[in-house]
Number of protein chains: 2
Amino acid sequence: MSSDPTLTPTSYIVLGLLAAAGASTPYALKQGVAGSIGHFWSVPHSQLYAEPERLAAGGYVTEDREPGGRRRRVYAITDRGREALAAWLAVGDARLPELRDAGLLKLFFGADPGVVAPQLAAGHRERLELFRGLHEGLRRGGDPAGHGALLTLEAGIAHAEVWVTFWERLAAGRS
Amino acid sequence: MSSDPTLTPTSYIVLGLLAAAGASTPYALKQGVAGSIGHFWSVPHSQLYAEPERLAAGGYVTEDREPGGRRRRVYAITDRGREALAAWLAVGDARLPELRDAGLLKLFFGADPGVVAPQLAAGHRERLELFRGLHEGLRRGGDPAGHGALLTLEAGIAHAEVWVTFWERLAAGRS
DNA sequence: CCTATCATGTAATCCGTTACATGATTAT
DNA sequence: ATAATCATGTAACGGATTACATGATAGG
């Protein structure tokens, strides 16, 4: 019961959203990503057209068309898709993430913190406020579908705090 | 003096290493990446053969062959390459990094923390110890070429600490 | 009316991942 | 000797980014 190696993280994002939200158009998936997991793992909207097609070819989702007007594509997860999602969720992952931060890269190669730090400090601070707001909103409004989103935001908040501290220290010239 | 959009982060990693270490073979680049920036932005070794070729085509580096035996390729940064690197270092970056953590993705979609957290807690703890050791080593041994590496490690340590705290809390069942 | 912005897709290019291969050293 | 690891590359495939396009809706 290991997870299917032909499926990528993008695949599981699509499957996960379809499992949680029911049948969706690519645009609805785009909205779903933008409002939640996209803060931590974004997916360009073109992928949300291409990926469901691949998944349909593999039998993980079904593809239908709206009857009227635009005849938009509508995707729904199949039992096979649910199984693949469950199998993926059931196994641990040894792979550690990397920071992969362009600003950090520049710093490493000797960039002046004065040109890199202020912009990033501001950006991360703004994002931190956003995450705090979202977290507060979820805590109140009874979060949908388990508290995975809540935990994810907590990780995001902690990391944003680290970034704000780090870049503000450098922006202030205290290296 | 904006940075060349045809160059990728991988390009700048190669340019940065060539600028710091002088003419190098792809294998030397691999060693350079592995020992330092690779902890935060890894590059598969095949890229370290392909990327210098692209850079040579653009005039950012020169390609020579060793005279004897293996006739390995040796790359050296050109003035054009130095300029591109300097231009890249001289501009800020508004783009914020994403966490892009597979474990977090699983958590978001409802995975049991018990299957995801312990492995990641252990992995991040080990990495944290590694970073602390490297940091200590650099502080002592007079770090080579500015303190960019030192700052980078400090960011890495702070984030590793956050991850350890996060996953250990979940592993312990205190959600 | 006009112009933003939202909504909805397609196409091309290419970097990056993964797998494949093989010669040199070192260890046992 | 032989296994293991280091060193040094090449090839293929595909997902992701980027750019291109156009119809609907709402605001002014």
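Every chain is numbered from 1 and lettered A, B, ... according to where its sequence line falls, protein lines coming before strand lines. Bear in mind that the values here come from a model prediction, so they are computed numbers and not experimental data.
Legend: residues meeting side-chain hydrogen bond (donor to acceptor under 3.5 Å, both in side chains) with B:R54, ordered by chain and number and at least two apart, are B:E51. Applying the side-chain hydrogen bond (donor to acceptor under 3.5 Å, both in side chains) criterion to B:R95, with sequence neighbours excluded, gives no partner residue. In this structure B:E161 satisfies the side-chain hydrogen bond (donor to acceptor under 3.5 Å, both in side chains) test together with B:R132, sequence neighbours excluded. For A:H135, there are no ring-ring contact (aromatic ring centres under 6.0 Å, His included) partners at least two apart in sequence or on another chain. For A:R169, the side-chain hydrogen bond (donor to acceptor under 3.5 Å, both in side chains) test picks out B:E154, with sequence neighbours left out.
Atom CD of B:E53 and atom P of C:dG16 are 14 Å apart (whole Å). Rounded to an integer number of Å, the gap from A:K30 NZ to C:dT5 P is 14 Å. A straight line from OH of A:Y49 to C1' of D:dA19 spans 15 Å, rounded to a whole angstrom. Rounded to whole Å, atom P of D:dT18 lies 15 Å from atom CG of A:L48. A:H45 has its NE2 atom 9 Å from the C1' atom of C:dT10, to the nearest Å. D:dG14 atom C1' lies 14 Å from atom CG of A:L7, rounded to whole Å.
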Check: residues 107-124 of chain A side-chain donor-acceptor pairs under 3.5 Å, at least two apart:
{"from": "A:D112", "atom 1": "OD1", "to": "A:G114", "atom 2": "N", "distance (Å)": "2.9"}

Report, one line per pair, each donor and acceptor closer than 3.5 Å where one atom sits in a side chain of residues 18-33 of chain B; sequence neighbours left out.
{"from": "B:S24", "atom 1": "OG", "to": "B:G22", "atom 2": "O", "distance (Å)": "2.7"}
{"from": "B:T25", "atom 1": "OG1", "to": "B:Y27", "atom 2": "N", "distance (Å)": "3.4"}
{"from": "B:T25", "atom 1": "OG1", "to": "B:A28", "atom 2": "N", "distance (Å)": "3.1"}

Donor-acceptor pairs under 3.5 angstrom involving side-chain atoms of residues 38-47 of chain B: please list them, not counting sequence neighbours.
{"from": "B:S42", "atom 1": "OG", "to": "A:E98", "atom 2": "OE1", "distance (Å)": "3.4"}
{"from": "B:S42", "atom 1": "OG", "to": "A:E98", "atom 2": "OE2", "distance (Å)": "2.7"}

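Sorted by residue number, the list of members of residues 93-101 of chain B with any non-hydrogen atom under 4.0 Å from DNA chain D is empty. Near DNA chain D, defined here as any heavy-atom distance below 4.0 Å, there are no residues from residues 31-43 of chain A.
Taking 3.5 Å as the limit, the base of D:dT10 and the side chain of B:S46 contain no donor-acceptor pair of atoms between them.
Side-chain contact between B:V91 and A:K106: present, with at least one pair of heavy atoms (C-beta onward) separated by less than 4.5 Å. Under the 4.5 Å side-chain criterion, counting only non-hydrogen atoms from C-beta, A:W88 is in contact with B:L105. Looking at heavy atoms from C-beta onward, A:V14 lies out of side-chain contact with A:S11 at the 4.5 angstrom threshold.
Contact annotation: A:R65 does not reach the phosphate of C:dG9 (side-chain N/O to OP1 or OP2, under 4.0 Å).
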Pairs: protein N or O with nucleotides 12-15 of chain C N or O, under 3.5 Å:
{"from": "C:dC15", "atom 1": "OP2", "to": "B:R54", "atom 2": "NE", "distance (Å)": "3.3"}

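Annotation: B:E126, atom CD; neighbour count of heavy atoms from other residues, nucleotides and ligands within 6.0 Å does not exceed 12.
Set against D:dA7, D:dT17, C:dG9, the side chain of A:P44 has D:dT17 as its closest nucleotide.
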> Dot-bracket, DNA chain D: Watson-Crick or G-U, under 3.5 angstrom, [ ] crossing, | other strand?
Replying inline: ||||||||||||||||||||||||||||

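Checked by atom type and distance alone, the side chain of A:R73 never pairs as donor or acceptor with a backbone atom of A:E53 at under 3.5 Å.
At a threshold of 4.0 Å, the pair B:E83-B:R80 does not count as salt-bridged, since none of the basic side-chain nitrogens sits closer than that to a carboxylate oxygen.
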